[in-house]
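Working notes, structure below.
Chain identifiers are assigned alphabetically (A, B, ...) following the order of the sequence lines, protein sequences preceding nucleic acid strands; residue numbering begins at 1 within each chain.
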Amino acid sequence: MNTQVVVQISRHGAFLGTRALGVKVRDEIVKACMDSERVTIDFNGVDAVSHSFADECIGGLLTELGAQVFKEMIRFKGMSEETNSLLRLVTSRRIQTAKMAQQEQPV
Amino acid sequence: LIPFVLELTSSFGIKNADRIIRVLYPLFEICKTDTVDLVLDMSSLSGFYPTGMAAVSAGLMHLKRQNRLNIVDLKQPETSNVHDYITRMGFYRHLDLEVEYRWNKRDSTGRFVEIAEVVDDDGVATTSEELGSIIEANFPTISKRVRSSLKIALAEVVENVFYHAGSPVNAIVCAQVVQRRREIEIAIVDCGRGIYSNMVNSPIHKPHCSNSNQAIRLATQCYITSTAQSHRGMGLYIASELTRRNNGSLFLASDDGILKIINGHEIPEHMCYNDGCIWPGTIVSFLFDLDRELSTVDVYNSMGPYPGEDDMIIQSEGE
């Protein structure tokens, strides 16, 4: 197992705009997580990221891995201010909706 | 076969977009039951901007694909620069009308994104990049942040069409910069289910949606989606919020509902009445002022993150 893997997502384009692409990139990151102790998601070369892409890719990754594993394994690199704000937004929303769903579970 | 003359006179753009619906509505009504032999009369057309062009193109293409429409005659605009511009935008080609095309499609000095039917992810990426390129070519000093925000607004709305509209003409997109006024008009049109139909399918939203006007206004709110996943549904919100913060304009029509934002201010619902005319799908168009701030960061920061929910989730390398 590798200590660290870097996923260079600019190879999917300088503009990452759709949910379908978000799923594809997320699958790639999940695969990298299986082969490594830590995964760095490198945004260098990415000009813009849509909310749809970010929610599906990074928000979905958080849901898939769980908050604890996500915090331990995933690091980010090369984010613009826009991307940073967006990723904080989508991840916090995912955590919030997960908490709401837990509270709505019948006891 | 019923003969029908569709007369497009004076100009059609975001500023009189409700007129486009009124002009096309009788044709849609006839085509519900009959097939039409259409004369497309554009002889008195003096201006055809992205909202008008995308809507007419989408509407006629939709009827053609339903085998409800044959365009039997075309009367071209008498004003040559209008005709040249429409040709160059790909309007005739899009409707399979034979008119000579003399320009280089990849001309980087172009001021517009030609009409395109965006059918998939690659189309979203290509159209967004094309939008970024024309802005860069015409306004080289415009910041990367503004370009990114425009691409994001376009992609979010087109994505909505893919997921919610079920549109037989997918998403018809075109855009044009107006260098003199430093503006850009972007139009995204579909002939799908419409916003109201989607919203009433949601048990959460159905009680708040008794008509298209309510549905449209609900759809432009934060985290409102017709799907069961509450982290979705941001496309129209982000796009409309960018428009407001830019003091720009938005025209959003779906079925018989209309939402208008002009120079950043929403027009009251009772002033958006369109004589009962219906658009069979959704029209979204924007006019952004490229001299004003346009930043998704401000929109994202206004939506969250939620206190206590984002502690160290997004960690940069080395932290």
Chain B heavy atoms under 4.5 Å from [X]: which part of the residue, side chain, backbone, both or neither?
| X | result |
| --- | --- |
| A/Gln68 | neither |
| A/Phe70 | side chain |
| A/Ser52 | both |

Rounded to the nearest 0.5 Å, what separation is found between the [atom1] atom of [X] and the [atom2] atom of [Y]?
| X | Y | atom1 | atom2 | value |
| --- | --- | --- | --- | --- |
| B/Asp298 | A/Ser85 | CG | OG | 8.5 Å |
| B/Ser128 | A/Phe15 | OG | CZ | 4.0 Å |
| A/Glu82 | B/Arg145 | CD | CZ | 4.5 Å |
| B/Thr296 | A/Leu86 | OG1 | CG | 7.5 Å |
| B/Met234 | A/Arg93 | CE | CZ | 8.0 Å |
| B/Ile314 | A/Arg75 | CD1 | CZ | 10.5 Å |

Given that the side chain runs from C-beta out, which part of B/Lys144 has a heavy atom under 4.5 Å from chain A: side chain, backbone, both or neither?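 When you check distances to chain A, only side chain atoms of B/Lys144 fall under 4.5 Å.
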Residue B/Arg147 versus chain A: region with a heavy atom under 4.5 Å: neither
Filtered by a 4.5 Å non-hydrogen cutoff, the part of residues 117-124 of chain B contacting chain A is B/Asp121, B/Val124
Of all heavy-atom pairs between A/Val49 and B/Tyr300, which one has the smallest distance, and what is that distance?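 Taking every non-hydrogen atom into account, O-OH, 4.0 Å.
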Heavy atoms only: give me the nearest B/Ala155-A/Gly17 pair and the separation to one decimal.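 In terms of heavy atoms, the two residues are closest at CB-O, 4.1 Å.
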Using the ring pair (Phe, Tyr, Trp, His ring centres under 6.0 Å) rule, collect all pairs that involve residues 112-140 of chain B, keeping only residues at least two apart or in two chains. B/Tyr85-B/Phe112
Most chain B-contacting option - heavy-atom pairs closer than 4.5 Å, from A/Asp47, A/Leu16, A/Leu62, A/Ile58: A/Asp47
Determine the option with the most heavy-atom pairs under 4.5 angstrom with chain B, choosing from A/Met79, A/Glu81, A/Lys77.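 The candidate making the most pairs under 4.5 Å is A/Glu81.
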Restricting to pairs with a member in residues 186-201 of chain B, which pass salt bridge (Lys or Arg N to Asp or Glu O under 4.0 Å), not counting sequence neighbours? none
May I have all residue pairs that pass salt bridge (Lys or Arg N to Asp or Glu O under 4.0 Å) and include part of residues 237-252 of chain B, sequence neighbours excluded?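 Output for this query lists B/Glu241-B/Arg244, B/Glu241-B/Arg245, B/Arg244-B/Glu266.
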Between A/Ser50 and B/Glu159, does any side-chain donor sit less than 3.5 Å from a side-chain acceptor? no
A/Glu72 side chain to B/Gln315 side chain, donor-acceptor N/O pair below 3.5 angstrom: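 No, B/Gln315 and A/Glu72 have no side-chain donor paired with an acceptor closer than 3.5 Å.
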